[in-house]
Chemist: 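Input: one structure, supplied below.
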Amino acid sequence: MEEITSKAVLEQIREETAEKIADSRCRILICAGTGCLAGGSGEIYEKMCALAEKYPDVEVCFGAEIAHGDGPVEVRKSGCHGFCEMGPLMRIEPMGILYTKVKVEDCEEIFHRTIEKGDIIRHLLYKQDGYEYQKQEEIPFYKKQTRLVLKNCGHIDAEHITEYIAVGGYQALEKVLLEMTPEEVVQTVSDSNLRGRGGGGFPTGYKWSQVARQPEKTRYVVCNGDEGDPGAFMDRSIMEGDPHKMIEGMMIAAYAVGAKEGYIYVRAEYPLAISRLKTAIAQAEEAGLLGDHILGTDFSFRLHINRGAGAFVCGEGSALTASIEGKRGMPRVKPPRTVEQGLFEKPTVLNNVETYANVPMIILNGADWYKSIGPENSPGTKAFALTGSVKNTGLIEVPMGTTLREVIYDIGGGIKGNGTFKAVQIGGPSGGCLITPHLDVSLDFDSLKKMGAMIGSGGLVVMDNHTCMVEVARFFMNFTQNESCGKCVPCREGTKRMLEILEGIVAGKGKVEDLDLLEELAEMITDTALCGLGKSAALPVVSTLKLFRDEYMEHVVEKKCASHTCTALRRFIISPERCRGCSKCARNCPVGAISGVIKEPFVIDTEKCIKCGACESACAFGAIHIEG
C-alpha cells in the first residue's frame, strides 16, 4: 500500500477503503477468533471463499434488504464476535444477520439462499424464549452491552490495516501528532480518569505523568498481554480481532512520554494473537505508521513482540520486564518502581491491552465524554470473559457500574440447566467470590474492593448450586501455588501449606482447627508477600471461608460434600426398595466392595468402596445413589 506520509494520504486511504466496502455487494464476516477456529470456522472460511470465486459474476443479493453496491462478494476473517457459546459465527452485511453454530455443510445453503436471494435461514438464527433474532444487534446478549473497546471485533478484517483505517483508525494518532503537545495528551488521559484494566485500577494518566517527568530521557512503553487468569480471554480477543487499536494506544502513550521503542509481551499460549500482531506491525511499518518520522513529524517509534515465559507471575510488572530482558521472570522489591526504573532500568509505561485500546477513543471524543460512561471514579467500559454455569458464555463489554445481576441474567441469559445461582468468582485466582446479596453491587474498582473482591483482568466464572466452594478454593490455590515464582518465603511456603490443608479437607481428613490455620496463613501471606500476586493469592480462600463457612464445617465435621463434588466424601448406598438383586453392580465393582444374594437387595461395604461410581453407572434400576 502507499506509504502514509501525511494527514492527506491517511484521509485518502480511509475514504477509498470505506468507499470500496460500501460498494461491495455484501460482506461475509466469519469469526476467526481462537474459539470459533477451534470449532471449524477456518474450514468455513475456505468453503465460502471457494463459493464466492466460483461465481464471480453472479447476480447476488436479490432481496431489497440486502442490496448494497455492485462490487464483489467479500469473504473476510474477523476477530472474536464475543458470542462464544453459539460459535462458529458468521455475520452477513449489510443485513446484519448473525448465523450461529455454522457448519461447513451449511455454506452452500448460506451462499445460494442468503447471498444470492436474500433469504433468511431460520435454523441458523439465534433463538431465545421462543423468539428468533435475525439481526445481531437485536440479540439480548449484544443489545444489553456497550461495545466500545470491542466495537470493531467481528466487524472488520483483523488482518488488514486498511479496514481499521476505514473505521477511523489512526485518527487519534493523527490528532496528537499534529494538534497536541505531549503534555496535553497526558492531561487528557488524566482528566478522563482512565484506570488500568489489568487488575489494580491504577490511574493511567498519573502513571504516564510520572514517566514523563523522569530526568532519564530514554523511556519505554510496554504492553502487558500476558493474560494468565483461568477463563480470561479479553486481551487475547482484542489482539486477535483489533490489534491496531491497541498499537495506536501504545503509540499515543509513547508520544506522550517521549518513548522511541515499545514492547508487547504476549503469553506464548496465544499463537494466533502473536501472528496477528506480527502482521499488524509489519503492515503499519510498510504504511509508514511505525518507524521514523511518522506522518511527516519528528515522532519515531518502533514495536517489538516478546513471547511470555509461560508463568502467571510474569503478569506482575517487574517480573514482566525482567522476562523481556531475558532474565527469569521474578518480582523485585520496590521502590524503585517501573515508572522510575522499569525495562532496562529505564522509566517505563506499563499498561495492559485493554487499557491501551481505550486511549484512541478518549483522544478523539474527549475526557468529558469518557467520564460520562459509568461512575465518576471508575469511568468507561470493562470487558469481561463470562464463563461457567451461565447460558450465554462469551466475551462481553459493559459500562463500569453495571450490576452482576444485569451481566448474568440480562446478557448471560441466566443460569443454565436446572441450577440456581450460587456465586461468581471475579478477578481470577487472585480474586474473590460474590454471592446472591451481591447481585446488585456495582461492578467497579471501588465497590468491589469494599466487598473483598476485585475486578482483576475481567474473568467472571459463574457457579450454581452444584458447585463445591471448598473445591473451588482448592482449585485456585493449586493454580496459585504452582505459579508462585518461589522468590519469597511467604508465597512459596505459605501457599503450599494452604494447599495441603485444603487437599486434606476435600479428602475427608480435615479438622475444625484447620479453618483457623487457613485464616492465619492467609493473613500472613497477604501482609508479607513480595508482589501483588502473592499478596492476593489467598483471596479465594478468605472469600469462601467468609461466605461459605458452613460448607467448610460440613466437610471437616460431617465429612460430607453436599454438591457431591469431592470424590473422597461420597458415600454410595443401595436402596433396598429399588434393588432387584441382579448383581450387575457387584460384577462391575473393581474392588469387590458389593455383596449380596441374587434376587435380594445387595449392599456396599463403605470401608472398601473407592467411590469410583462404576456401580451407579451399571445399575439399570436407579437403585444406587450418593447419600445426602
Side-chain angles (χ1 to χ4, degrees), residues 1-7 9-10 13 159-162 164-165 169-178 180 182 185-186 207-208 211-212 214 216-226 235 238-239 242-266 270 273-308 317 320-326 338-339 341-353 355-357 359-360 363:
M1 65 179 290
E2 181 182 358
E3 185 176 358
I4 302 172
T5 55
S6 66
K7 176 180 178 179
V9 177
L10 183 62
I13 292 173
E159 297 182 344
H160 289 83
I161 188 173
T162 52
Y164 177 68
I165 292 173
Y170 291 108
Q171 269 187 320
L173 177 67
E174 170 194 312
K175 180 177 179 180
V176 302
L177 293 185
L178 302 178
M180 301 175 72
V185 175
V186 173
K207 181 182 290 187
W208 291 14
V211 174
Q214 296 299 318
E216 172 60 59
K217 297 305 178 185
T218 301
R219 298 150 183 180
Y220 294 99
V221 170
V222 176
C223 179
N224 182 356
D226 191 59
D235 289 350
I238 296 168
M239 290 186 284
D242 198 9
H244 287 282
K245 182 176 284 187
M246 178 201 79
I247 290 172
E248 185 176 8
M250 291 186 70
M251 295 175 73
I252 292 169
Y255 174 77
V257 303
K260 302 295 183 185
E261 284 190 276
Y263 289 80
I264 306 172
Y265 190 84
V266 191
Y270 284 176
I274 293 170
S275 173
R276 297 243 170 103
L277 283 169
K278 284 182 176 178
T279 299
I281 290 171
Q283 290 179 351
E285 288 175 342
E286 182 185 357
L289 291 173
L290 277 176
D292 297 327
H293 304 295
I294 297 169
L295 289 179
T297 69
D298 293 333
F299 176 62
S300 301
F301 185 67
R302 298 187 183 277
L303 266 178
H304 313 276
I305 297 176
N306 278 74
R307 296 191 183 192
L320 185 151
T321 52
S323 183
I324 292 176
E325 294 169 3
T338 306
V339 293
Q341 291 183 28
L343 186 62
F344 304 121
E345 298 185 356
K346 304 296 183 183
T348 302
V349 168
L350 174 59
N351 290 119
N352 83 322
V353 174
T355 308
Y356 285 122
V359 172
I363 295 297

Chemist: Provide the closest heavy-atom pair for M251 versus I294 in the form atom of the first, atom of the second, distance.
Modeler: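 So the two residues come closest at CE-CD1, 3.7 Å.
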Chemist: Contact between V353 and C223 at the side-chain level, heavy atoms closer than 4.5 Å - yes or no?
Modeler: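 When only atoms from C-beta onward are counted, C223 and V353 do touch, with a gap below 4.5 Å.
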Chemist: Who are the ring pair (Phe, Tyr, Trp, His ring centres under 6.0 Å) partners of Y164, not counting sequence neighbours?
Modeler: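 Once residues adjacent in sequence are excluded, the partners of Y164 under the ring pair (Phe, Tyr, Trp, His ring centres under 6.0 Å) criterion are Y170, H244.
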Chemist: Of all the heavy-atom pairs spanning K175 and I363, show the shortest one and how long it is.
Modeler: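 Result for this residue pair: NZ-O, 2.9 Å.
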Chemist: Please check this pair: side chain of K207 against backbone of V339, looking for a donor-acceptor N/O pair closer than 3.5 Å.
Modeler: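 Here the side-chain-to-backbone pair does not exist.
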Chemist: Between T218 and E216, is there a donor-acceptor pair closer than 3.5 Å when you use the side chain of the first and the backbone of the second?
Modeler: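 A pair under 3.5 Å: no.
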Chemist: Ignoring hydrogens and angles, tell me if any N or O in the side chain of E248 forms a donor-acceptor pair with the backbone of A172 under 3.5 Å.
Modeler: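 At least one qualifying donor-acceptor pair exists.
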Chemist: Between V9 and I4, which heavy-atom pair has the shortest distance, and what is it?
Modeler: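 Distance-wise, the nearest heavy atoms are CG1-CA, 3.8 Å.
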Chemist: To the nearest 0.5 Å, tell me how far Y263 OH sits from T321 OG1.
Modeler: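 With rounding to 0.5 Å, OH (Y263) is 12.0 Å from OG1 (T321).
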Chemist: Nearest 0.5 Å please: distance from the OG1 atom of T279 over to the CD1 atom of I274.
Modeler: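 One finds 12.0 Å between OG1 of T279 and CD1 of I274.
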Chemist: Among residues at least two apart in sequence or on other chains, which ones pass salt bridge (charged side-chain N to carboxylate O under 4.0 Å, His left out) with D242?
Modeler: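 Partners of D242 under the salt bridge (charged side-chain N to carboxylate O under 4.0 Å, His left out) test: K245.
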Chemist: Rounded to the nearest 0.5 Å, what's the gap from CD1 on I247 to CE on M239? Could you check?
Modeler: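 The CE atom of M239 is 11.0 Å from CD1 of I247, to the nearest 0.5 Å.
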Chemist: Do the side chain of Y255 and the main chain of M180 share a donor and acceptor less than 3.5 angstrom apart?
Modeler: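 Present.
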Chemist: Decide yes or no for I161 and L289: does some side-chain heavy atom of the first lie under 4.5 Å from some side-chain heavy atom of the second?
Modeler: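 With C-beta onward as the side chain, the pair touches.
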Chemist: For L178 and K7, which heavy atoms make the closest approach, and how far apart are they?
Modeler: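 Taking every non-hydrogen atom into account, CD1-CB, 3.8 Å.
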Chemist: Nearest 0.5 Å please: distance from the CG atom of L320 over to the CG atom of N306.
Modeler: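 Here the interatomic distance stands at 8.5 Å.
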Chemist: At what distance, to the nearest 0.5 angstrom, does CD of E3 lie from CD1 of I13?
Modeler: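 Reported value, rounded in 0.5 Å steps: 10.0 Å.
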Chemist: Identify the residue among D226, L277, D235, N224 that makes a side-chain contact (heavy atoms from CB on, under 4.5 Å) with V266.
Modeler: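 Single pass found, and it is L277.
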Chemist: Do D292 and R302 touch side chain to side chain, with heavy atoms closer than 4.5 Å?
Modeler: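 Yes; the side chains approach each other to less than 4.5 Å.
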Chemist: Return yes if some donor-acceptor pair links the side-chain N/O of Y220 with the main-chain N/O of E345 below 3.5 Å, else return no.
Modeler: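 No.
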Chemist: For V257 and V349, work out which heavy atoms get closest and say how close.
Modeler: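 Reported closest heavy-atom pair: CG1-CG2, 3.8 Å.
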Chemist: Less than 4.5 Å apart, any side-chain heavy atom of E325 and any of L343?
Modeler: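 E325 vs L343: side chains touch.
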Chemist: Would you say the side-chain atoms of R276 pair up with the backbone N or O of P243, donor to acceptor, closer than 3.5 Å?
Modeler: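 Checked: no pair found.
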Chemist: Passes side chain to side chain contact (heavy atoms under 4.5 Å, CB included), M246 versus I264? Steps please.
Modeler: CA-CA 10 Å; M246 178 201 79; I264 306 172; 3.6 Å; yes
Chemist: Are V221 and Y356 close enough, and set up right, to give a side chain to side chain contact (heavy atoms under 4.5 Å, CB included), and what steps lead you there?
Modeler: CA-CA 11 Å; V221 170; Y356 285 122; 3.3 Å; yes
Chemist: For the residue pair E159 and Q283, what are the closest heavy atoms and their distance?
Modeler: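 Where E159 meets Q283 most closely, the heavy atoms are O-NE2, 2.8 Å.
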Chemist: Working to the nearest 0.5 angstrom, can you tell me the gap between E285 CD and F301 CZ?
Modeler: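 Rounded to the nearest 0.5 Å, the CD-CZ separation comes out at 11.0 Å.
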